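These notes are about the structure you will find just below.
No experiment lies behind these values; they were computed from the predicted model shown. Note on naming: letters A, B, ... go to the chains in the order of the sequence lines (proteins, then strands), and numbering restarts at 1 for each one.
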Protein chains: 2
Amino acid sequence: MKNYSKQREAVSNILKASKSHPSAAKIYEEVKKIVPSISLGTVYRNLADLQKNGEIISVSVGDGTERYDGDTSPHIHLVCRNCLSITDVHLEDDFGIRFATDYGFSPDSSVYTVYGLCDKCSRK
Amino acid sequence: MKNYSKQREAVSNILKASKSHPSAAKIYEEVKKIVPSISLGTVYRNLADLQKNGEIISVSVGDGTERYDGDTSPHIHLVCRNCLSITDVHLEDDFGIRFATDYGFSPDSSVYTVYGLCDKCSRK
DNA sequence: ATATGTGCAAACTGTTTGCACACGA
DNA sequence: TCGTGTGCAAACAGTTTGCACATAT
């Protein structure tokens, strides 16, 4: 059904180790240090697979690129519309997942994003 | 500072009246019935403005298009990875917004999305 | 042996942008 | 009048995909 590949493993590891919500291009840069021959297309393919499995999530920051996150524990993303920074706020529990189940929905992941201006940018 | 335009008004009205989370292309189709001369570029520009004002929000369904929502009251989106349907689950309160404020963040909107399979698709 | 994954590069498509003109205040 | 908004079309950029080859089981 699904074979092992060092490329997918590397992508997964990088995301799980990172806290910076990198873009596909950034991940590509990082993975090349481990698997130099990897191509950007493969990065995208693996990101799609991992996301479908619920191993990673993705967040829209509004700059046209998708950001990826290897942390699937319940948390909110505070996305600054000005500097595009993403701040995590961890939660006890993901009640969205619980609600979904109540509706007959089979959830694999959830993303809670709050948009606005971060502390620094709102002072200006 | 910001002028009135029937184009922006029409885009806004359509979104506030709709419950279907339409794409920009779909909105364009609808708006043309009201302002036939409107262009797709203008639709995008107005969607960006409205979103920046917190009048509308947008949701990624994962098919490469952004969906727009004129309902900014607290609710969760249940997005089916198979049929791409979006089901709304309304909430009492948007605690993400409250949390954000506690962190010195100035929120303008929030999006809570749960991905998975809807009732219908998970049966197959 | 056979299904699955990869690298490469071209193709795709949603979105953005420059420009000349129109409109609102 | 003067700043803001629009229409058009071209340009852009992130992402996807076809194909031939490589790898996993």
note: Lys2(B), atom NZ; dT6(D), atom P; distance rounded to Å ~ 10 Å
Short side-chain N/O contact to dC23(C) OP1/OP2 from Gln7(B), under 4.0 Å:
no
Tyr68(A) OH to dT15(D) C1', in whole Å, measures 8 Å
Sugar-phosphate only, base, or nothing, as touched by Ser23(B) at under 4.0 Å among non-hydrogen atoms = nothing
- Would you indicate, yes or no, if dT6(C) has its OP1 or OP2 atom less than 4.0 angstrom from a side-chain nitrogen or oxygen of Ser5(A)? yes
Atom CG of Asn46(A) and atom P of dT17(D) are separated, to the nearest Å, by 15 Å
To the nearest angstrom, the CG-P distance between Asn3(B) and dT4(D) comes to 8 Å
Assert: residue with more 5' nearest nucleotide on DNA chain D, out of Gly62(B) and Thr42(B), is Thr42(B)
* Asked: Parallel, tilted or perpendicular: which fits the ring planes of His75(A) and His21(A), with parallel below 30° and perpendicular above 60°?
  -> tilted
Atom NZ of Lys32(B) and atom C1' of dG7(D) are separated, to the nearest Å, by 13 Å
Taken to the nearest whole Å, OH/Tyr28(B) to C1'/dA9(D) is 12 Å
request  = Just call it for Tyr44(A): base, sugar-phosphate, or nothing, with non-hydrogen atoms closer than 4.0 Å on any strand.
outcome  = base
Q) With a non-hydrogen cut-off below 4.0 angstrom, is Arg8(B) in contact with a base, only sugar-phosphate, or nothing? A) sugar-phosphate
NZ (Lys26(A)) and OH (Tyr68(A)) are apart, to the nearest 0.5 Å, by 16.0 Å
_Please confirm whether the shortest side-chain N or O distance from Ser37(B) to OP1 or OP2 of dG7(D) is below 4.0 Å._
yes
* Any donor and acceptor pair, going by atom type alone, linking the side chain of Arg45(A) with main-chain N or O of Arg8(A) inside 3.5 Å? -> no
To the nearest angstrom, the OH-P distance between Tyr4(B) and dC23(C) comes to 13 Å
Distance col, row Asp108(B):CG vs Arg81(A):CZ, nearest 0.5 angstrom, shows 4.0 Å
Atom CD of Glu9(A) and atom P of dG5(C) are separated, to the nearest Å, by 14 Å
Between Asp49(B) and Lys6(A), the residue closer to the 5' end of DNA chain D by nearest nucleotide is Asp49(B)
Problem set entry | Any side-chain heavy-atom pair of Phe99(A) and Leu91(B) under 4.5 Å | yes
Out of dT17(C), dT15(D), dG7(C), minimum distance to the side chain of Arg45(B) belongs to dT17(C)
